[in-house]
Amino acid sequence: MSELTTTVNLSTRMDPERSIVLYSYMVNSSSNRVCERMVRGALISDGRQVLFSRGEGEEFNCTGYPVEILTWEVIQFPPGTFVQQVTAQLTDTSASVSLPKEVDPSRTLVLAGGQWASGQVHGEGRFYFEELQSEMRAQAFLSDPKHVKLVRETAYTPATFTVFVIQLKP
């Protein structure tokens with residue numbers, strides 16, 4: 001992946017209300033531009049495609065090194081498990097995002113498909129000035145039955161995150 005986005009067509013449609021995307025990747029970069037090393041994944045096209053993106057459109061500064069290895073899997077949970085994919089752009093250090101449907105906090109978890117360092121959500125952003133992963137790394141948690149809260153340490157530029165709110169079958 002040397003571009004800002006890559007779309008993968010799935011051979012079988014996955015139910016977006018029961019599915020999540022898990023992924024891992026490797027960028028062999030000696031640069032300190034963190035935007036080229038942070039990838040966000042999401043299920044799109046009503047469960048027919050997976051989108052991977054980085055740099056939030058900043059092609060000049062965020063694509064110097066390609067993503068050499070990108071592995072992924074879409075997991076579809078059994079009937080009774082309900083998934084809500086939430087994508088939010090943070091312009092500040094925190095944001096509360098409303099869920100389309102209320103969940104039961106006693107059986108709900110929040111995670112991101114690309115949770116590869118420190119158990120935190122990794123997103124994409126345009127920050128390229130120095131090695132500052134806190135721009136595109138956040139904590140995500142259910143703050144109440146109708147909201148997910150995202151918190152990051154720094155906010156010099158906007159960053160976009162995708163998380164999955166998974167309510168497990170009772």
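Count residues from 1 along the sequence. We use all heavy atoms of the structure for the numbers below, so side chains are in, but hydrogens, waters and symmetry mates are not.
With rounding to the nearest 0.5 Å, the separation of CG in Leu150 from OG1 in Thr93 is 11.5 Å. To the nearest 0.5 Å, atom OG1 of residue Thr6 and atom CH2 of residue Trp72 are 12.0 Å apart. With rounding to the nearest 0.5 Å, the separation of CZ in Phe82 from CG in Asp15 is 9.5 Å. Remark: Gln139 CD to Phe161 CZ distance equals 11.0 Å, nearest 0.5 Å. To the nearest 0.5 angstrom, Glu3 atom CD is 8.0 Å from Arg54 atom CZ. One finds the OG atom of Ser94 at 13.0 Å from the CD atom of Glu153 (value rounded to the nearest 0.5 Å).
Placement of Val50 and Ile69 in two distinct hydrophobic clusters is found when ILVMFWY residues are connected by side-chain heavy-atom separations under 4.5 Å, directly or transitively. Hydrophobic clustering, with ILVMFWY side chains joined whenever heavy atoms are under 4.5 angstrom apart, keeps Leu111 apart from Leu51. Hydrophobic clustering (side-chain heavy atoms under 4.5 Å, transitive across Ile, Leu, Val, Met, Phe, Trp, Tyr) groups Leu22 together with Leu109. Ile44 and Val163 fall into different hydrophobic clusters, where Ile, Leu, Val, Met, Phe, Trp and Tyr side chains are chained together by heavy-atom contacts under 4.5 Å.
The shortest distance between side-chain heavy atoms of Leu168 and Asp104 does not fall below 4.5 Å. Residues Arg126 and Pro158 fail the side-chain proximity criterion, which asks for heavy atoms closer than 4.5 Å. In this structure, the side chains of Glu17 and Val83 stay at 4.5 Å or more apart for every pair of heavy atoms. Residues Pro16 and Gln85 have side chains not in contact (no heavy-atom distance under 4.5 Å, counting atoms from C-beta outward). Glu56 is listed as a side-chain neighbour of Gln89, based on a closest heavy-atom distance under 4.5 Å.
Residues Tyr156 and Glu135 approach most closely at N-OE2, 2.7 Å, considering heavy atoms. Closest of all the heavy-atom pairs between Lys169 and Thr81 is N-OG1, 3.5 Å. Smallest separation of non-hydrogen atoms from Ser19 and Val74: CB-CG1, 4.0 Å. Scanning both residues, Asp144 and His147, for their nearest heavy atoms gives OD1-ND1, 2.9 Å.
Within the structure, salt bridge (charged side-chain N to carboxylate O under 4.0 Å, His left out) pairs that include any residue of residues 41-51 comprise Arg13-Asp46, Asp46-Arg48 (at least two apart or interchain). Applying the disulfide (SG to SG under 2.5 Å) definition to pairs two or more places apart or across chains, those involving residues 14-91 are Cys35-Cys62.
Aromatic ring orientation, Tyr23 versus Phe52: perpendicular (interplanar angle above 60°, classes split at 30° and 60°).
Of the candidates Val21, Thr162, Ile20, Val21 is the only one forming a side-chain contact (heavy atoms from CB on, under 4.5 Å) with Leu43.
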Would you check, one step at a time, whether the test side-chain contact (heavy atoms from CB on, under 4.5 Å) holds for Met136 with His122? CA-CA 6 Å; Met136 289 162 255; His122 282 236; over 6 Å; no
- Message: Val148 vs Gln84, test: side-chain contact (heavy atoms from CB on, under 4.5 Å). Steps then yes/no.
- Response: CA-CA 11 Å; Val148 170; Gln84 296 179 72; over 6 Å; no
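Under the 3.5 Å distance criterion, with hydrogens and angles disregarded, a donor-acceptor pair is assigned to the side chains of Glu124 and Ser53.
Although no hydrogens or angles enter the test, the distance criterion places a donor-acceptor pair under 3.5 Å between the side chain of Arg152 and the main chain of Leu90.
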